[in-house]
Amino acid sequence: MRTSQYLLSTLKETPASAEVISHQLMLRAGLVRNVASGLYTWLPTGLKVLKKVENIVREEMQRAGSNEVLMPMVQPADLWEESGRLNDYGPELLRLNDRHNRDFVLGPTHEEVITKLVANELSSYKQLPLNVFQIQTKFRDEIRPRFGVMRGREFLMKDAYTFHLEHECLEKTYQKMFDAYCRIFDRLGLDYRPVIADTGSIGGDASHEFHVLADSGEDDIAFSDASDFAANVEKAEALAPSGEREEPSKDIELVELKLERLIKTTDTPLNASVKTLLVQGTATDDESEKFVALVLRGDHQLNEVKAENLPSVASPLTLATEEQISALVNCHSTSLGPKGLSVEVIVDRSAAHLSDFTCGANENNRSYTGVNWQRDCGDITVADIRNVVEGDPSPCGKGNIVIKRGIEVGHIFQLGQKYAEAMNCAVLNEGGKNQTLTMGCYGIGVSRIVAAAIEQNHDKYGIKWPKAIAPFQAAIVPMNMAKSARVKETAESLYEQLLQDGVEVLFDDRKERPGVMFADHELMGTPLLLIVGERNLDEKKVELKNRITGEKTLIAIEDVKALFSN
RNA sequence: CGGUGAUUAGCGCAGCUUGGUAGCGCACUUGGUUUGGGUCCAAGGGGUCGCAAGUUCGAAUCUUGCAUCACCGACCA
C-alpha cells in the first residue's frame with residue numbers, strides 16, 4: 001500500500017474526549033473514529049489490526065475443533081422470553097420492534113439462539129460433544145460507555161458454545177478451551193493471566209477470566225506471590241485469621257462520640273473497630289427480616305458479589321436508606337453497630353476474630369468500646385464478605401496476596417443445564433431416553449484486545465504493536481525522494497519486490513519531510529522501518545529501524561527480503 | 001439514573017463578566033523555501049457560535065427549555 005492512496009488520518013493533537021492512552025492513540029494513529037457514544041468506525045489501519053486478532057482467534061478455535069457459524073445480531077424477543085432473560089437482563093438489552101410491531105432484541109450474547117439451534121439439529125448422543133463458535137458484533141446498551149472500544153456499546157466478540165451429555169465431558173472440553181485460550185493470547189504477544197472468576201449473571205459452575213495486565217484495567221486481580229494462584233478480587237476468598245480469638249479483657253463502655261470521631265481523636269486503631277451496613281434482605285413479609293446487617297472490620301471493604309451470594313441478602317445488593325435506618329434503629333447510618341440489632345447480623349471472618357473492639361452504639365453520636373461478640377452481641381452469622389487486600393494470606397495456602405489491575409479479554413464458563421433446560425435442548429441417550437444437554441460457553445473480546453494490546457505496548461511516540469497484530473509488517477521511508485532519482489528507484493523496486501513476496505508493507509511516497517514520516521510511522525507502531533537514503537546507497541544498503549528496541553542497523557538491499565521469510 | 005462540566009472551522013482552544021452578527025494554533029489550498037526527526041515566508045478557503053424559544057433596535061454573549069458529549073458515582077456506616 002502507498003500512503004498516497006491510503007486513508008492515513010493521523011492526528012497531531014489528542015482529542016479532548018479520550019481519557020485512556022489506548023483510546024488517545026487509537027484516535028491519533030487513525031484506527032477508529034467515534035460515531036456516537038460507544039459506537040466506532042474502524043478505519044483501515046484499525047481494521048487491519050482487528051482482522052489479525054480475529055484470525056488468530058479463528059485459527060486457534062478451529063485447531064481446537066470448534067465449528068464456525070454466524071448467528072444474527074437481531075434476535076426475536078420470544079427466545080429471550082423462553083430462557084427467562086428478557087426480564088433478567090435489564091436495560092443493557094436493547095429492545096426494538098419491526099414494521100409488524102414484533103418484538104426483537106439486539107443480541108448482547110447468543111446463548112438462546114445457539115441452544116435453540118442445537119435443540120433442533122441434534123437428536124442423538126452420537127453427535128456429541130459439539131463445539132461451535134462465531135465472531136460477531138454484539139450490542140450491550142452500557143450505562144456508561146468509556147475508554148473508546150474498551151467499553152463500547154457495540155463490539156466484536158468471539159463466542160463459543162459446547163454441548164455435552166455428561167459433566168465430565170464438559171470438564172474435558174473446558175480444559176481444552178482453556179488451553180486454546182492460552183495459545184491465542186501467547187500468539188497475540190500479550191502479557192496475560194487466567195484468573196478464577198465469579199460466574200456472574202450468566203450463572204454456572206466453574207469459570208475463568210483471561211486478563212491482560214495493565215494499570216488502566218477495570219478489574220482488580222489477586223495473585224499469590226508464591227504460587228500460580230490468581231483470582232478476580234470479586235471471587236478471591238479472604239481466609240479467617242489464624243489462631244484463636246483473644247479472650248475479652250475489657251468491659252464494654254458507652255462513649256459520647258461518633259465512631260468516626262472516636263477513631264480520629266483517640267488512638268483507637270481502625271482495624272480494631274467494626275463498621276455496620278444495613279442492607280435489604282430477602283424476606284419481605286416480616287418487618288424485622290426485611291433488612292440484614294453486614295459487619296466488617298473498619299479497614300476492610302465489602303465485597304458485593306460475596307454478599308449477594310448469601311441466602312438472606314437481597315440481590316442486587318441494596319443499602320437501606322437513611323429513612324429506613326431511622327425507622328428501624330432510630331439513629332443515623334454512621335452510628336450503627338452490631339450490639340442489640342433486631343435483624344440478622346452477618347459478620348465478616350476478620351471482624352469476627354476481633355475482641356475488645358469498637359463500634360457504633362445504635363444511638364446518634366455514641367459508640368461502644370471494649371465490645372466482644374459472644375459476651376455482648378448475641379447470635380451472629382460469620383461469613384466471608386470482604387475484599388481481600390494486599391498482604392492477606394493467599395487462599396491457595398502458599399504466599400500472600402498481591403493485587404494488580406487487569407483488562408478482561410476472555411471469559412470461559414461451565415454453564416451447566418440452565419439454557420438447555422429452558423430451551424428444551426436434549427438428545428436421546430444410549431438407553432433411548434431423553435437427556436438434557438450440559439453446556440459450556442467461552443467468550444473473547446476481539447475489539448477490546450486491540451485496545452488492551454495498546455495499553456500494554458506503547459511509549460511517548462505511539463503504539464508498539466506486537467508483531468503478530470501490527471497493521472503493517474514494515475514501512476519503506478524514502479529520504480527526499482522528490483530530489484533523488486536514485487532513492488526513488490531503489491524505494492520503488494524494494495516496494496515491488498516486497499509486495500511480490502507477500503509482505504504487508506506501507507510505502508511512504510508522500511512528499512513530506514522525514515520528521516513527519518518518522519513521527520507518523522512511530523505513532524502507528526509499524527514494527528520495522530526501511531529507510532532509503534542517498535547516504536547508504538553507494539554501499540547498496542538501507543537503514544533498518546526497529547520500533548520496539550529503537551535499534552538502527554544497516555542492511556544490504558538484497559538481504560531485506562530475508563527479514564520476512566519465516 | 002444521579003452529580004458535575006462542556007458544546008464556537010476537521011482537531012485543540014480564546015471571545016461571553018461589561019450584547020454591536022467572530023478570532024488564535026494545528027490541519028487544508030496555492031506559490032516560494034527547506035529536505036536524515038513534526039522547516040520557514042507569503043497569500044487563501046472554511047464557522048446560520050449544539051438546537052428551539054424568549055428579552056432586546058441588535059444575542060456566540062443575557063433568560064428558559066431541549067439535545068448531545070465527557071468526567072465522577074458500591075462501601076468508606
Side-chain angles (χ1 to χ4, degrees), chain A residues 8-20 23-24 27-28 30 33-39 90-92 141-148 233-234 258-263 270 273-279 293-308 316-322 325-326 329 331-338 341 348 351 358-362 364-365 367 385-387 461-462 477-484 487 508 510-523 529 531-537 542-543 545 550 552 554:
Chain A
L8 202 55
S9 285
T10 53
L11 261 37
K12 213 183 253 187
E13 281 170 292
T14 304
S17 58
E19 184 69 6
V20 294
H23 189 197
Q24 293 173 359
L27 292 171
R28 287 225 293 135
R33 288 291 179 263
N34 185 256
V35 175
S37 179
L39 304 176
E92 265 187 33
D141 201 356
E142 294 279 351
I143 299 176
R144 200 180 139 205
R146 61 188 128 171
F147 305 151
V233 163
E234 284 179 354
K258 213 198 280 191
L259 183 58
E260 196 187 329
R261 297 281 317 157
L262 181 70
I263 290 163
L270 194 60
S273 71
V274 302
K275 58 189 178 191
T276 307
L277 284 63
L278 205 57
V279 302
L294 302 177
V295 182
L296 295 153
R297 215 170 73 185
D299 58 331
H300 285 152
Q301 293 196 333
L302 179 69
N303 182 310
E304 213 175 292
V305 173
K306 291 176 183 175
E308 283 172 358
L317 190 81
T318 314
L319 288 168
T321 62
E322 289 294 344
I325 295 172
S326 297
V329 194
C331 76
H332 193 259
S333 60
T334 50
S335 294
L336 282 172
L341 277 183
D348 182 67
T358 308
C359 64
N362 296 325
N364 278 334
N365 300 322
S367 310
I385 55 170
R386 73 170 171 97
N387 283 336
Y461 302 110
V477 186
M479 293 294 107
N480 205 10
M481 188 166 76
K483 281 273 168 66
S484 166
V487 167
D508 202 335
R510 290 177 296 176
K511 199 184 164 198
E512 282 290 356
R513 296 171 59 83
V516 174
M517 295 195 273
F518 287 133
D520 274 345
H521 295 296
E522 275 157 8
L523 179 59
L529 295 189
I531 302 159
V532 183
E534 276 291 341
R535 210 184 261 182
N536 303 306
L537 280 187
V542 294
E543 189 179 312
K545 184 165 182 191
K552 293 183 198 172
L554 289 177

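Note that the coordinates shown come from a computational prediction; the quantities given were computed from them, not determined experimentally. Chain naming here is simple, since letters A, B, ... match the order of the sequence lines and numbering starts at 1 in each. Just the heavy atoms: all of them, side chains too, but no hydrogens, waters or symmetry mates, feed the values below.
With sequence neighbours left out, A:His23 forms a ring pair (Phe, Tyr, Trp, His ring centres under 6.0 Å) with A:Tyr40. With sequence neighbours excluded, the residues forming a side-chain contact (heavy atoms from CB on, under 4.5 Å) with A:Ser9 are A:Leu7, A:Arg33, A:Leu43, listed by chain and number. A search for side-chain contact (heavy atoms from CB on, under 4.5 Å) contacts involving A:Thr14 returns A:Gln24, A:Arg28, not counting sequence neighbours. With sequence neighbours excluded, the residues satisfying salt bridge (Lys or Arg N to Asp or Glu O under 4.0 Å) with A:Lys306 are A:Asp384. In this structure A:Lys545 satisfies the side chain to side chain donor-acceptor pair (under 3.5 Å) test together with A:Glu522, sequence neighbours excluded. Under the rule for a salt bridge (Lys or Arg N to Asp or Glu O under 4.0 Å), the partners of A:Glu534 that lie at least two apart in sequence or sit in another chain are A:Arg486. Take A:Asn480 and apply the side-chain contact (heavy atoms from CB on, under 4.5 Å) test, not counting sequence neighbours, and it matches A:Lys483. Applying the side chain to side chain donor-acceptor pair (under 3.5 Å) criterion to A:Asn365, with sequence neighbours excluded, gives no partner residue. For A:Thr10, the side chain to side chain donor-acceptor pair (under 3.5 Å) partners are A:Asp520, not counting sequence neighbours.
Nucleotide B:C71 has B:G3 as its partner under the Watson-Crick or G-U criteria, with both atom distances under 3.5 Å. With a cut-off of 3.5 Å on both Watson-Crick or G-U wobble distances, the partner of B:A60 is given as none. In this structure, B:U18 forms no base pair with any nucleotide, since neither Watson-Crick nor G-U wobble geometry is met with both distances under 3.5 Å. Here B:C66 sits opposite B:G50 as a Watson-Crick or G-U wobble pair (both hydrogen-bonding atom distances under 3.5 Å). The nucleotide B:U34 finds no pairing partner, because no Watson-Crick or G-U wobble arrangement with both distances shorter than 3.5 Å includes it. Pair check for B:G23 finds B:C13; Watson-Crick or G-U wobble, both atom distances under 3.5 Å.
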Distances under 3.5 Å between nitrogen or oxygen atoms of protein and nucleotides 8-11 of chain B:
| unit_1 | atom_1 | unit_2 | atom_2 | d |
| --- | --- | --- | --- | --- |
| B:C11 | O2 | A:Glu13 | OE1 | 3.3 |

For nucleotides 27-37 of chain B, print each protein N/O atom paired with a nucleotide N/O atom at under 3.5 Å, atom names and distance only.
| unit_1 | atom_1 | unit_2 | atom_2 | d |
| --- | --- | --- | --- | --- |
| B:U34 | O2 | A:Arg513 | NH1 | 2.6 |
| B:U35 | O2' | A:Asn480 | ND2 | 3.0 |
| B:G36 | O2' | A:Arg535 | NH2 | 2.6 |
| B:G36 | O6 | A:Asn536 | ND2 | 3.4 |
| B:G36 | N1 | A:Glu543 | OE1 | 3.1 |
| B:G36 | N2 | A:Glu543 | OE1 | 2.5 |
| B:G36 | N2 | A:Glu543 | OE2 | 2.9 |
| B:G37 | O4' | A:Gly515 | N | 3.4 |
| B:G37 | O6 | A:Lys545 | NZ | 2.5 |
| B:G37 | N1 | A:Glu522 | OE1 | 3.3 |
| B:G37 | N1 | A:Glu522 | OE2 | 2.8 |
| B:G37 | N2 | A:Glu522 | OE1 | 2.4 |

What does the list of N/O pairs under 3.5 Å between the protein and nucleotides 73-77 of chain B look like, with a distance for each?
| unit_1 | atom_1 | unit_2 | atom_2 | d |
| --- | --- | --- | --- | --- |
| B:A74 | N6 | A:Gln301 | OE1 | 3.0 |
| B:A74 | N1 | A:Leu302 | O | 3.4 |
| B:A77 | OP2 | A:Glu260 | OE1 | 3.4 |
| B:A77 | O4' | A:Ser333 | O | 3.4 |
| B:A77 | O2' | A:Thr276 | N | 2.9 |
| B:A77 | O2' | A:Thr276 | O | 2.7 |
| B:A77 | N7 | A:Ser333 | OG | 3.4 |
| B:A77 | N3 | A:Thr276 | O | 3.0 |

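Counting heavy atoms from C-beta outward, A:Asn536 and A:Val542 have side chains that stay 4.5 Å or more apart.
As rounded to the nearest Å, B:G37 and B:C1 have C1' atoms that lie 50 Å from one another. Taking atom C1' in both B:G15 and B:A22, one finds a spacing of 8 Å when rounded to whole Å. B:U63 sits 11 Å from B:U18 when the P atoms are compared, rounded to a whole Å. Rounded to whole Å, the separation between the C1' atoms of B:U34 and B:C41 comes to 11 Å. The same atom, C1', is picked in B:C16 and in B:U21; the two are 14 Å apart, to the nearest Å. With both ends at atom C1', the span from B:C75 to B:A27 equals 48 Å, rounded to whole Å. A distance of about 33 Å separates the P atoms of B:C76 and B:C66, rounded to the whole Å. Comparing the P positions of B:C11 and B:C51 gives a spacing of 15 Å, expressed to the nearest Å.
Spacing between atom CZ of A:Arg28 and atom P of B:G38 amounts to 15 Å, rounded to whole angstrom units. Taking atom NE2 of residue A:His521 and atom C1' of nucleotide B:G38, one finds them 13 Å apart after rounding to whole Å. Residue A:Asn34 contributes atom CG, which lies 9 Å from atom C1' of B:C69 at whole-angstrom precision.
Rounding to the nearest 0.5 Å gives a distance of 7.5 Å between CG of A:Leu8 and CG of A:Asp508. In this structure, CZ in A:Arg297 is found 6.5 Å from CZ in A:Arg386, a value given to the nearest 0.5 Å.
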